[in-house]
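Each remark here refers to the structure printed beneath this line.
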Amino acid sequence: MTTPLAEKIKALIHAHGPISITDYFALCLADPEHGYYRTRDPFGRGGDFVTAPEVSQLFGEMLGVFVVQAWQKHLKPRRNLRIAEIGPGRGTMMADMLRTIARLAPELYAEATVHLVETSPTLRAIQQRTLAEHDGKVAWHETFDDIPAGFLLLVANEFFDAVPIRQFVKTSSGFRERLVGLDGDEQLCFGAGTAGVDPALLPPGHRDAPAGAIAEVAPARSAIMQAIADRLFNSGGTALFIDYGHTRSGFGDTLQAVLKHAFDPPLAHPGEADLTSHVDFAALAEVARARSVHVNGMMTQGRFLLELGIAARAGALGAGKDETTQAGIRAAVERLVGDRPGEMGELFKVLAVSSPEVELPPFDK
Ligand code: SAH
């Protein structure tokens, strides 16, 4: 089985030679004609995967609670207030956040404008419908830099994992850029470049890494983090990032494709499977620190939601409802906070940064 994008990539490789992982990743997600996010709504049961905001409204509500607390800790600025999200999917999380913000902090809701950074026209249209009741308050932008100046309260869930990475593979002659080329049967396959790699790009310990070891770096993620950190430093605010990832840098291939709720080989269905890689939160935190922005901390999603009070909120949501509804709410909470290996509450990590430095519960304890 092939895909239209696979054919396009094969033609590209025929004409110009193997392509980098970054280029493959970017084509898979963002090719204007066949890119995964350009052409479809991937979320939910009929799609390829389910994200936390689609599991339960409680997820966005807890982020709303966090944002309200952050605004209070920053001493409730009132002018040029921006509530922003990068990669908002269906707009579900922002809808749940705004409902909570309007209830807990009507002044914040009234004074703020809402800014969504989204590159997919398909998803923008869905977000417009989801957020219709906030008409006039919400603006869409192509990139983070287009968000108007002002105090920033930023959230992003499963955004960084969709930003392309570079990979390097250790060969007998040292680390080389990992590439996508063609095998003898004209099928896409992994390979390695011939040019040497600047050691400054490689993680610590690369000299002792065994043959075949894979190192991942994400300059595109760092560049976005740097822009966010600079904005926070200049205009103040807090940013919260949630993603599939690790809190310590290391070696390993985390490129991962998902099609119809199952793992798929990353080269098998370009454009038709979602493609991600784990987020190196330590590297993102380092970028923030280097731009003089305070890193409040990192923790698992499960701990984050529990400490913000998801259990109590779930109880309130279920109060007076029938047994089936209550069981549904309990199952959703369990899915979001479960911390056994492989469960969302443990796989997903949360990173918070702020400037000027403020204490942000449940971090900084
Ligand atoms: N946060 C949502 C969606 C996660 S999927 C949720 O949790 O359900 C990734 C999202 O990031 C999609 O909305 C996708 O279109 C968007 N996206 C991917 N690359 C992007 C980029 N470079 N700039 C802005 N949005 C991007």
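In what follows, every heavy atom counts, from backbone to side chain, and hydrogens, waters and symmetry copies are set aside. Note that ligands are numbered from 1 as they come in the structure, with each ligand's atoms numbered from 1 the same way. Start at 1 with the first residue, then count along the sequence.
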Notebook entry, point to check: With sequence neighbours excluded, what pairs up with Asp230 under the salt bridge (charged side-chain N to carboxylate O under 4.0 Å, His left out) test?
Noted result: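 Asp230 satisfies salt bridge (charged side-chain N to carboxylate O under 4.0 Å, His left out) with Arg291 once adjacent residues are dropped.
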Next item on the list: Could you pull out all residues at least two apart from Lys10 that satisfy salt bridge (charged side-chain N to carboxylate O under 4.0 Å, His left out)?
Entry: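 Lys10 satisfies salt bridge (charged side-chain N to carboxylate O under 4.0 Å, His left out) with Glu7 once adjacent residues are dropped.
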Counting from 1, what ligand 1 atoms have a heavy atom of [X] closer than 4.0 Å?
{"X": "Glu158", "answer": "4 (C), 5 (S), 9 (C)"}
{"X": "Pro53", "answer": "6 (C), 7 (O), 8 (O)"}
{"X": "Gly89", "answer": "2 (C), 3 (C), 13 (O)"}
{"X": "Phe159", "answer": "20 (C), 21 (C), 23 (N), 24 (C), 25 (N), 26 (C)"}
{"X": "Thr51", "answer": "6 (C), 7 (O), 8 (O)"}
{"X": "Phe43", "answer": "3 (C), 5 (S)"}

Note to self: We want to know whether Gln256 and Ser277 form a side-chain donor-acceptor pair, criterion being a heavy-atom distance below 3.5 angstrom.
What the structure shows: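 Absent: no donor and acceptor within the cut-off.
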Students should be able to answer this: which protein heavy-atom is nearest to [atom], and at what distance?
{"atom": "atom 11 (O) of ligand 1", "value": "Gly87 CA, 3.2 Å"}
{"atom": "atom 5 (S) of ligand 1", "value": "Tyr37 OH, 3.3 Å"}
{"atom": "atom 7 (O) of ligand 1", "value": "Asn157 ND2, 2.7 Å"}
{"atom": "atom 20 (C) of ligand 1", "value": "Thr119 OG1, 3.5 Å"}

Notebook entry, point to check: Relative to the ring of His74, is the ring of Phe151 parallel (under 30°), tilted (30 to 60°) or perpendicular (over 60°)?
Noted result: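 Correct class here is perpendicular.
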Check: How many angstroms lie between atom SG of Cys189 and atom CG of Leu179, to the nearest 0.5 angstrom?
Finding: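 Those atoms lie 10.0 Å apart.
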Next item on the list: Would you please indicate yes or no on a ring centroid separation below 6.0 angstrom for Tyr109 and His134?
Entry: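 Ring centres of Tyr109 and His134 closer than 6.0 Å.
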Notebook entry, point to check: Has Met93 got any heavy atom lying under 4.0 angstrom from an atom of ligand 1?
Noted result: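 The answer is no, since Met93 has no heavy atom less than 4.0 Å from ligand 1.
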Note to self: Between ligand 1 and Leu123, can you find any atom pair, the residue atom being a heavy atom, that is separated by under 4.0 Å?
What the structure shows: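 Judged by the 4.0 Å heavy-atom criterion, Leu123 does count as contacting ligand 1.
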Checklist line | Carboxylate-amine/guanidinium proximity below 4.0 Å for Asp31 and Arg38 | finding: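 Arg38 and Asp31: not salt-bridged.
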Check: Is it the case that Arg178 places NZ or CZ above or below the six-membered ring of Phe190, under 6.0 angstrom from the centre and within 45 degrees of the axis?
Finding: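 Because its charged atom sits under 6.0 Å from the ring centre and within 45° of the axis, Arg178 does stack over Phe190.
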Item checked: Member of Glu158, Glu54, Glu118 meeting the salt bridge (charged side-chain N to carboxylate O under 4.0 Å, His left out) criterion with Arg90 ->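 Considering Glu158, Glu54, Glu118, a salt bridge (charged side-chain N to carboxylate O under 4.0 Å, His left out) with Arg90 is found only for Glu54.
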Note to self: Is it the case that ligand 1 has an N or O less than 3.5 angstrom from some N or O of Glu118?
What the structure shows: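 Looking only at distances, the answer is yes, because the N/O contact criterion of under 3.5 Å is met.
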